[in-house]
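Before any comments, here is the structure.
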Amino acid sequence: MRKTLEEVIQTWEPVIGLEIHTEITATRTKMFCGCQIAHGGEPNTRVCPVCLGMPGALPVPNEAAIEWTVLAGLATDCEIERVSQFHRKNYFYPDMPKNYQISQYDRPFCKDGHLTIEVDKEGLAQRLDRDLQAESYETRIGITRIHLEEDTGKMVHVGGSEGRIAGATHSLVDYNRAGTPLMELVSEPDIRTPEEARRFVQKLRLIWLTLGISDGNLENGSMRVDANISLRPRGATELGTRAEVKNMNSFKALHDAVAYEITRQAEVLEEGGRVVQETRHWDAGRKVTSSLRSKEEANDYRYFPEPDMVPFEFSEEFIAGVAARLPELPDARRRRFMSDYGLPASDATILTSDLELCAYYEAAAIGLDAELAKPLANLIVNDLVGALNTRSEELSESQVSPQAAAELVTLCDEGAISGKQAKEVFAEMVETGADPAAIIERKGLKQVSDSAELAGIIDGILAANPDKVEGYRAGKTGLMGFFVGQVMRQTGGQANPQVVNELLGERLGGERLGA
Ligand code: ADP
Ligand code: MG
Ligand code: ZN
């Protein structure tokens, strides 16, 4: 029996480094020509002599793509290189018509950055050296570099399984994607668990979305993650031999592929074998990785400086100009949600980890009393997100406007309806998109909070039950429930329980019950 991840980490320490490719979908044209970037479309319709590698065609760099890459570097605390350069990476495979890819080698645009990620309680179990009593932990992942290159074309292997070459009768090639600006971020081997790998990519994606660089879609491949994984005996400092795993099209696939590869390598090593340095393919259906090809070494690529482009020299003004475009980043936004709205870390994390949810909350919170920021967060994080999940709806499809959510929280706070009634009203808001006030009116749900009206009812009840009043005063405090029940019956359940408790407490002279 293969060991589980929890068993493996008793003896082995997993070491993980990620290479993350992101298409810069914010620019409309390719990296070195004016062809349009688009997913889909008739094959080989968005091509020209430059991206088809015709002899004599010359590359003209896409300035916006370079600026986006510098912005990405600034957002991840990288140093921006003052002098950088493109190189040719030579290889012979028909996904690039030139037989080389223009990429960067020893002079990338950005290097030496880092990202701090937060891992929650569930992720703690994957690390041996963390305090399991903690609620979460933070860990800092180094970023080796961010460079820019051109994307390759797409190969379609016909007749094989899952589009793979094995078993295919022939292959088709589509160069529409060839030349798309592609930003590659390489992490240091600082990641230790599948959950940390997932968190790192999630956070990075959120940053890219916040900057507006890319739509960061793992499913359609506008963001692609390769995971380098090795094991070493616990306590060792030297790195073990790694395998690189590709083809993870979702965050779950990334997590599961890394976890699988860790347990696979442990088995190989414990049976006395050696991990082969190779590229492996994640098969989401069978939930296994399998060998794809042996790994190329950098010197196989015969990198040399791109002779058709001079090196780039960035002025301080250029870098400052890009830096001026930096928006509020996810970490800063999360801190602001905690300080300005007084939200607990958990709510702030949930609200700021999704841009739409974040904008929704801020739109609802405008003009709302400060003390309602927390109940509003509860409504959105629990009820709204819960409703979206059960209905398999996106936030943008929801009929509940931010204003209506804020109104519901206000009505509840003013005592117009009880918390329980608010749930009922919200359920209908989700169904019909109606205004909370209108729903309350139509359902006759209003809550009786008027003290004078309730006092009259309560006095009547006490007068009609002198023995119970006596009993309560003699110490049978459990009778409070009887009195509250009577009030609820006479008001059709619409009495504000807080006001009822207050009034009963005053009259009976006992302890006030909590609402
Ligand atoms: P290549 O370009 O050949 O893929 P790099 O040396 O640039 O190789 O490393 C790529 C990624 O692999 C980086 O994220 C790095 O952190 C990671 N990495 C390198 N060595 C190891 C190792 N022994 N175990 C796990 N990850 C590693
Ligand atoms: Mg690699
Ligand atoms: Zn072109």
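The structure presented is a predicted model; accordingly, all values stated were derived computationally and were not measured. Note that ligands are numbered from 1 as they come in the structure, with each ligand's atoms numbered from 1 the same way.
Between Glu261 and Arg264 there is a salt bridge, since a side-chain N of the basic residue sits under 4.0 Å from a carboxylate O of the acidic one.
Contacts between Thr144 and ligand 1, counted as non-hydrogen atom pairs separated by less than 4.0 Å, are absent for every part of the residue.
Of the candidates Leu231, Asp190, Asn228, it is Asn228 that places a heavy atom closest to atom 12 (O) of ligand 1. The heavy atom nearest to atom 10 (C) of ligand 1, out of those in Glu184, Arg145, Glu19, is found in Glu19. Residue Ser230 holds the heavy atom nearest to atom 24 (N) of ligand 1 of all those in Pro14, Ser230, Ser187.
In this structure, Arg82 fails the cation-pi test against Phe314, since its NZ or CZ atom is not both closer than 6.0 Å to the six-membered ring centre and inside 45 degrees of the ring normal.
To the nearest 10 degrees, the angle centred on the Zn ion (ligand 3) between SG in Cys35 and SG in Cys33 reads 110°. When SG of Cys48 and SG of Cys51 are joined through the Zn ion (ligand 3), the resulting angle is 120° to the nearest 10°.
Counting the atoms of ligand 1 from 1 in the order shown, those under 4.0 Å from a heavy atom of Leu18 are 14 (O).
Residue Ile229 places no N or O, backbone or side chain, under 3.5 Å from any N or O of ligand 1.
Cys110 is not listed as a side-chain neighbour of Glu81, based on a closest heavy-atom distance of 4.5 Å or more. Considering only heavy atoms from C-beta on, Met31 comes within 4.5 Å of Phe86 through its side chain.
Ala348 and Phe337 get closest at one heavy-atom pair: CB-CB, 3.9 Å.
Not a single donor-acceptor pair under 3.5 Å links the side chain of Lys154 to the backbone N or O of Val173.
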